[in-house]
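Data block below; observations after.
It should be emphasised that the depicted structure is a prediction, and the values quoted were computed from it without experimental measurement. Below, chain A is the first sequence line, B the second, and so on; all start at residue 1.
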Amino acid sequence: MVMNTLTLTNRKHGFRAIRQGEPEWSHEQRRRAWESYHDAPNPDRITHLWRYTKPEHFLISNPGEAMLRDVPSRTGSTGIDTTLSSGYSAHGISRADLSVGIAVADEYSRAGLYVSDLHSAAADHRYPVQEHLGKLVGEPFGKFESANLALWNAGFFVFVPDNTVVREPIYLSHQPLDEVLLSRSLVVIGRNSEVTIIDDYGSDVARPCPLANSVMEIFTGDSSRLRYISLSRFNETTPSIFTQRIRADRNSHVLSVFGSFGGSVTKVNAGAVLAGPGAESLMYGLAFGDGRQHLDHHTLHHHVSGETHSDLHVKVVLKDNSDSAYTGLIRIEEKADNSQAYQENRNLLLNEGTRAESVPELEILTDQVSCTHGATVGPIDPEMVFYLKSRGYSNDEATRTVVTGFVEPTIRLLPDDLQDMFRGLVRRKLEGK
Amino acid sequence: MHDSDLLFSMRDVHVEVEGKEVVKGVSLDIRRGEKHAIMGPNGSGKSSLANALAGHPAYSITSGTALIAGRDLLQMDATERSLAGLFLAFQYPLAIPGVTVANFLRAAVKARSNGDESVIKDFRKTIKANFKLLEIDDSFATRYLNEGFSGGEKKRLEILQMLMLKPLVAILDETDSGLDIDALKVVSKGINYSASSDNSILLVTHYQRILDYVRPNYVHVMMDGRFVRSGGPELALQLESEGYDRIREETAAKVEV
């Protein structure tokens, strides 16, 4: 692991002037975030979110240079040829060099589904970008989220109108290049609508990238249904920090899944805010570390409204010399009576030299709730391996079977059409590819 | 030259668990088509012997020899022993979450198919027939192995595995324990169905009860890590009426003389 040895003594640059085609509100938002980024001290290692990972991994070595590449010099971005594969409603590609490719199925274009790069959307008055961007993950979040808000140079905007059912998934691909990826995306879903989004960071052929700092904000309308899947598949040399928040409004149903497979140092902060009565959030996570990977996951289920329900399962598998920290917070506000929250984290260690920590955290400010949590950390059970070997499995097959068995119950909670993708990702990791 | 009817043969086998000797030199020959029973009180070393023969890493065979169909068992790891035709039905079968009964067995059957496609092709049919024989509901195929199964269901699943894997030498470790009489009959039916003139069965049991249904040709009484008495089926009946204490006394007396 290459340690970034930068400190915060970077000279403070003034923020750049507004560019042609850049909306004034966006420029102002960036400028304020830039100030916050500079003024904020490095996160305190005693603060629980930073207890397990050095903030220095995520410092941008040359923020002044990043600033020069945050907005296209002219409106309109470089196009990437994008074809829509069958089985998807839309396909987006976004790169840190501001190039973008978008394809949306005609059927859904006509129905009002809008998918674009965030730059174009921010400049387009027809879409509610200004009232949402940075509202869930903005400056108060912390130094690195401020950096992202000031300097984002890639990412998507997705708008699903009211009463629109998008059956096939939208596939969003964030492709790192050789420069810092500062990706910010925003999804706004209307009332009574349904959508599935696969948010893929890195890819099968992920190029090494010095740093990836990504943010996803999602707003769901009343009675909407969202399925959101984020995948971290960065190159093994890439440190990445990803902050994701979903706001679930009244009677909305959210299923979110994160899969962490790639990267050198991977820090994920995934959360759902249950903002209206009847809102439900199911969050599932699968993380698989190998080599010298360091994984740091934090989840939040924030019950702001009563009559809400959350369920969370996170499974972590570690091999070689990888390590993982998981902190999971359930916060139930004072007025959020009749909330239910469940949280479970299980860690499987495949060999000595791996290490996992699991820290459940409950902040419950009312009595009228039901809340349970559980955590386990343990090595692969030699009795299970023996049982399988006694039936003719080789040692490797037995180990693979125990690991796939460990993650399978979580995979089975996913929608049918996404299960095989996750099985494939786990298998590739097990086979060391 | 190797006697091809001799499926299993061990000589002076000693077993250690956590540095303690629990089997202190046992010898046994089992021929094709034979059923043997090892009986003994709790703690006599029966299960340790069974686990050690299957290659459990916690049990080490410190001396002696053991052959399966003429091949040196002790040179093999657990996988190789299984593929060579040894099978152990566990006393306490483990749950393997996330692995369905059907997938678990398909891989195990495939491992010994030697590339014979028909075995895999017939898999579904075979497992269904065996479910029926053992009165197991078809829904068990997609359940996770032993997870949430009752004691009786687990034991049936062990016998199901034996029927699917068709071992040469099956060691059944207290398969009868914890079964009610109906379940015992079903499990016994499975064992008898699997037994043929080509394979052999070694029953390890505390009680005589299962021997009413699965009739052994030979009975060996094990105490304190040794076989103290061997005989025909009548020995089991004698044990049932007199208890282990009588044999213990006789054995102790013999040692004194």
### Message
Taking side chain as everything from C-beta outward and backbone as N, CA, C, O, which of these in B:Leu94 sits under 4.5 Å from a heavy atom of chain A? Side chain, backbone, both or neither.
### Response
both
### Task
Kindly assign one of parallel, tilted or perpendicular to the pair B:Phe140 and B:Phe149, based on the angle between their ring planes and the thresholds 30° and 60°.
perpendicular
### Task
Pick out which of A:Asp417, A:Ile229, A:Ile170 makes a side-chain contact (heavy atoms from CB on, under 4.5 Å) with A:Thr196.
A:Ile229
### Task
Measure distances from B:Arg112 to the heavy atoms of chain A and classify the residue's part below 4.5 Å as side chain, backbone, both or neither.
side chain
### Task
Answer yes or no: are there more than 12 heavy-atom neighbours, outside B:Arg124 itself, under 6.0 Å from its atom CZ?
no
### Summary
From the list A:Arg391, A:Glu383, A:Met384, A:Glu408, the residue making the most non-hydrogen contacts under 4.5 Å with chain B is A:Arg391
### Query
At a heavy-atom separation under 4.5 Å, does A:Asn395 approach chain B through its side chain, its backbone, both, or neither?
backbone
### Message
Please classify the contact of B:Asn103 with chain A as side chain, backbone, both or neither, using a heavy-atom distance under 4.5 Å.
### Response
backbone
### Task
Could you tell me how the ring of A:Phe386 sits relative to the ring of B:Phe90: parallel (under 30°), tilted (30 to 60°) or perpendicular (over 60°)?
perpendicular
### Message
Using heavy-atom distances under 4.5 Å, tell me whether B:Tyr144 contacts chain A through its side chain, its backbone, both, or neither.
### Response
side chain
### Message
Exactly one of A:Phe258, A:Tyr326, A:Tyr284 should register a ring-ring contact (aromatic ring centres under 6.0 Å, His included) with A:His313. Which one does?
### Response
A:Tyr284
#### Entry: B:Ala95 portion near chain A, given a 4.5 angstrom heavy-atom threshold
backbone
### Message
Whether the A:Tyr342 and A:Glu344 side chains hold a donor-acceptor pair (N or O, under 3.5 Å, no angle test) is what I'd like checked.
### Response
yes
### Message
Taking side chain as everything from C-beta outward and backbone as N, CA, C, O, which of these in A:Tyr393 sits under 4.5 Å from a heavy atom of chain B? Side chain, backbone, both or neither.
### Response
both
### Task
Flag this pair as yes if the NZ/CZ of A:Lys315 is under 6.0 angstrom from the six-membered ring centre of A:Phe406 and inside a 45 degree cone about the axis; otherwise no.
yes
### Query
Any idea which of B:Ala111, B:Ala78, B:Ala107 has the most non-hydrogen atom pairs under 4.5 angstrom with chain A?
B:Ala78
### Side chain / backbone / both / neither for B:Glu158 at chain A, heavy atoms under 4.5 Å
side chain
